Protein chains: 2
Amino acid sequence: MSTAPADPAAEADGATAAHRVFDLLSEAIISGELAPGAKIKESALSSRFGVSRAPLREAIRRLEERKLLIRTPRLSARVTELTPVRITELYEIREVLEGMAARQAALRMQPDDIAHLRDLLRQHEAALNATEDDVYRQGTADEDFHFFIIQRSGNATLVQILCDEYYNLIRMVRRRHSRVAGRARRALQEHQQLVEALAERDGDFAERLMRRHVAAALRGILGSLDAETRTPQMESGIAA
Amino acid sequence: MSTAPADPAAEADGATAAHRVFDLLSEAIISGELAPGAKIKESALSSRFGVSRAPLREAIRRLEERKLLIRTPRLSARVTELTPVRITELYEIREVLEGMAARQAALRMQPDDIAHLRDLLRQHEAALNATEDDVYRQGTADEDFHFFIIQRSGNATLVQILCDEYYNLIRMVRRRHSRVAGRARRALQEHQQLVEALAERDGDFAERLMRRHVAAALRGILGSLDAETRTPQMESGIAA
DNA sequence: CGCGCTGCTTTTGTCGACAAATTAATGACA
DNA sequence: TGTCATTAATTTGTCGACAAAAGCAGCGCG
C-alpha cells in the first residue's frame with residue numbers, strides 16, 4: 001500500500017494535506033506504480049488519497065515543478081517519461097552544476113566536513129561489502145555524499161536546485177536505471193578521490209573529478225539503457 | 001492600471017485565468033508595484049484581478065516556482081527580496097549554465113543562426129546609438145541574444161531552466177539593478193566577440209567568453225548596488 | 001508597569017458543486 | 001466499409017463557502 005512517507009529531505013508529513021499528497025504521489029511515481037506516460041486523473045487520485053481536489057491539484061502543480069509530471073493547459077497531467085535524451089540533458093546539467101559545487105566546496109571545507117565525508121564513505125563501503133543487491137540504500141548513500149558537497153558549496157540557490165527541485169527526478173533516474181554492474185564500486189573509488197581533492201582544497205581538481213564522476217554515471221545509465229532496449233517493463237497503472 | 005499582458009516568451013494571455021493572473025502578477029512584481037518583502041493577500045488580489053482564489057493560488061504557486069515569491073506553509077506568501085548574495089548565487093549559476101550553452105551552441109550553430117545573431121547585434125547597436133536611456137528595450141535585446149544561444153545548445157532541459165523558470169527572476173534583477181553606466185556598450189562588444197567565437201565553432205573560447213560576460217554583468221550589478229546602498233526605494237505596496 | 005492569557009479578526013487550507021472543454025462513442029453518409 | 005459530423009461522458013478549470021490556524025487586540029495578573 002506504500003502509505004509510509006519515508007521521504008528524506010522533504011517536508012514533514014503533516015504540514016498540510018497537499019504536502020502529504022505530494023509525498024505520496026512522488027513515491028508512487030518514482031516507484032513506478034504510476035507508469036511513465038500514465039494520465040493523472042484528479043478525481044480518481046483525490047478519492048484514493050481521501051482528500052479533495054484542491055490539495056491534490058497543489059501537489060500536482062508541485063510535481064510538475066519538479067519535472068515528475070508534465071501538464072498541458074487543458075489536457076490531463078502525465079507522468080514524465082525518462083527518455084535517454086532527457087536523462088542525458090539532466091546529467092549534463094548536473095555535471096556542470098555539481099562540478100561548480102565541488103570547486104566551491106573545496107575552498108570552504110572545514111576539517112569536520114572532511115571527516116564527515118570520510119565517515120560517509122566508510123559506511124558506503126561497508127554497505128557495499130555487506131549487501132550485493134540493495135541498490136536503494138546505496139543510492140541513498142550516494143545522494144548523501146553528493147548533497148553534502150553541494151551544501152558545502154555555500155550557494156543556497158544551487159542547493160535548492162540540485163537538492164530540492166531536481167531531487168526527485170534524479171532519484172527517479174537512479175531508481176529505475178542505475179543498477180549497472182560494478183558501477184557502485186567504481187563510484188565509491190571516485191568518491192574517495194574526490195574527498196582527497198577536497199581535503200587538499202584543490203578546487204580545480206575537485207571540479208574535474210566531479211564532472212568525470214557524473215559523466216561516468218551517465219555513461220553507465222545510457223549503457224544499461226542500450227542493453228535493455230525494448231525490454232518489457234512490467235509496471236502497472238495506478239489501479240494496483 | 002497595467003492590465004496589458006505584454007509579456008514576451010510567456011503563454012498566451014487567454015490560456016486560463018490562472019495564466020492570465022500569473023502574467024499580471026509577475027509584471028506587478030518585476031515592475032516593483034509589489035515591493036520586495038510585501039505580503040501577498042490572496043483575497044485582496046483575487047478581487048483585484050476579478051477571479052476566484054483558485055486560479056490566483058495557482059498563479060502564486062507558479063510564481064513561487066519561478067522564485068518571485070517565497071511561501072511558507074501557513075504564512076502569507078511574500079515577494080522575493082533580491083539581496084546581493086542571492087543575485088551573486090544566481091549569476092554564478094548562470095555563468096556555468098550559459099557557459100555550457102555557449103560551448104554546445106558553438107558546435108551546433110548553422111550559418112543561418114550566425115547570420116541571425118549578427119542581425120540581432122546590429123539592431124542592438126542601432127538601439128544603443130539611438131536611445132540613451134531605454135534600458136528596458138536594451139534588456140530585451142540582451143535577453144533575445146542570450147536566449148537564442150541557449151536554445152541553440154540543443155539541451156531542452158537547459159532551455160527550460162534558463163529561458164522559462166529563471167526568466168522572470170533574471171528579468172527582475174536586470175530591471176531593477178542593471179543600469180550601469182557604459183555597461184551596455186561593453187556588453188555589446190562582448191556579444192560581438194562571442195558571435196565570432198561561435199562562428200569559428202570554437203566551443204572552448206565561446207564558453208570562456210560567455211562566462212566572462214556573465215561575470216562582468218554580475219560585477220556591474222554588485223557595483224551599482226554598492227553605490228546605491230541605503231538609497232530609499234520609493235516603491236509602494238499593492239494598494240496603488 | 002511589564003507579561004501572559006483569552007477572545008476576536010484576518011488569512012490560508014480545504015471542500016463540494018457547477019461550467020467549459022476535451023475525449024470517446026455513436027450514428028449518418030459517401 | 002471507411003470517414004466525418006454529432007452527441008454523450010469524462011475531466012479539468014473555476015467558483016463560493018466553511019474550517020482551522022495564525023496574527024492581533026484588549027484584559028487581567030504578578
Side-chain angles (χ1 to χ4, degrees), chain A residues 3 5 7 10-26 28-29 34-66 68-80 237-239, chain B residues 3 5 10-26 28-29 34-35 37-66 68-80 237-239:
Chain A
T3 44
D7 195 336
E11 294 82 4
D13 61 311
T16 71
H19 284 214
R20 200 160 24 97
V21 172
F22 171 80
D23 287 341
L24 262 36
L25 253 186
S26 3
I29 292 175
L34 270 67
K39 281 184 186 171
I40 297 292
K41 276 167 286 188
E42 295 181 0
S43 20
L45 285 185
S46 65
S47 65
R48 167 186 159 133
F49 292 131
V51 297
S52 161
R53 273 179 54 215
L56 184 92
R57 275 175 76 82
E58 172 110 4
I60 288 179
R61 190 91 210 51
R62 179 110 63 114
L63 285 168
E64 185 196 15
E65 168 191 343
R66 309 296 172 92
L68 262 55
L69 294 180
I70 301 177
R71 202 162 59 126
T72 35
R74 291 279 181 180
L75 276 62
S76 301
R78 299 161 77 96
V79 178
T80 289
I238 172 122
Chain B
T3 42
E11 293 82 4
D13 60 310
T16 71
H19 283 214
R20 200 161 23 100
V21 172
F22 171 80
D23 286 342
L24 263 35
L25 252 185
S26 0
I29 291 175
L34 269 67
K39 280 184 186 171
I40 297 292
K41 275 167 287 191
E42 295 181 358
S43 20
L45 284 186
S46 66
S47 64
R48 168 189 156 130
F49 291 132
V51 296
S52 160
R53 272 179 55 215
L56 184 92
R57 276 177 73 83
E58 171 111 3
I60 288 179
R61 192 88 210 51
R62 178 112 60 117
L63 285 168
E64 185 197 16
E65 169 191 340
R66 310 294 172 93
L68 263 54
L69 294 181
I70 300 177
R71 201 161 60 127
T72 36
R74 289 281 182 179
L75 275 63
S76 302
R78 300 161 79 95
V79 178
T80 289
I238 172 121

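All values below were derived from every heavy atom in this structure, side-chain atoms included, with hydrogens, water molecules and symmetry-related copies excluded. Only a predicted model underlies this, so the values are computations on that prediction, with no experimental measurement involved. Chain identifiers are assigned alphabetically (A, B, ...) following the order of the sequence lines, protein sequences preceding nucleic acid strands; residue numbering begins at 1 within each chain.
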**Message:** If we check salt bridge (charged side-chain N to carboxylate O under 4.0 Å, His left out) with A:Arg61, which of these qualifies: A:Glu65, A:Glu58, A:Glu64?
**Reply:** A:Glu64

**Request:** Please step through side chain to side chain contact (heavy atoms under 4.5 Å, CB included) for the pair B:Ile29 and B:Thr80, ending with a clear verdict.
**Result:** CA-CA 9 Å; B:Ile29 291 175; B:Thr80 289; over 6 Å; no

Name the pairs: protein N/O against N/O of nucleotides 10-17 of chain C, kept only if under 3.5 Å.
| unit_1 | atom_1 | unit_2 | atom_2 | d |
| --- | --- | --- | --- | --- |
| C:dT12 | OP1 | B:Ile40 | O | 2.8 |
| C:dT12 | OP1 | B:Ser76 | OG | 3.2 |
| C:dT12 | OP2 | B:Glu42 | N | 3.2 |
| C:dG13 | OP1 | B:Pro73 | O | 2.2 |
| C:dG13 | OP2 | B:Arg57 | NH1 | 2.7 |
| C:dG13 | OP2 | B:Arg57 | NH2 | 3.0 |
| C:dG13 | O4' | B:Arg74 | NH1 | 3.2 |
| C:dG13 | N7 | B:Arg53 | NH2 | 2.8 |
| C:dG13 | O6 | B:Arg53 | NH1 | 3.0 |
| C:dT14 | OP1 | A:Ala17 | N | 2.4 |
| C:dC15 | OP2 | A:Ser52 | N | 2.6 |

**Asked** Expressed in angstrom and rounded to an integer, what is the separation of A:Arg78 atom CZ from D:dT11 atom P?
**Response** 13 Å

**Request:** Take A:Val21 and A:Leu45 through the test side chain to side chain contact (heavy atoms under 4.5 Å, CB included) and record every step on the way to the result.
**Result:** CA-CA 9 Å; A:Val21 172; A:Leu45 285 185; over 6 Å; no

**Asked** How far apart are the closest heavy atoms of B:Ser52 and B:Ser46, and which atoms are they?
**Response** O-CB, 3.7 Å

**Request:** Would you indicate whether the side-chain heavy atoms of A:Leu68 and A:Val79 approach each other to under 4.5 Å?
**Result:** no

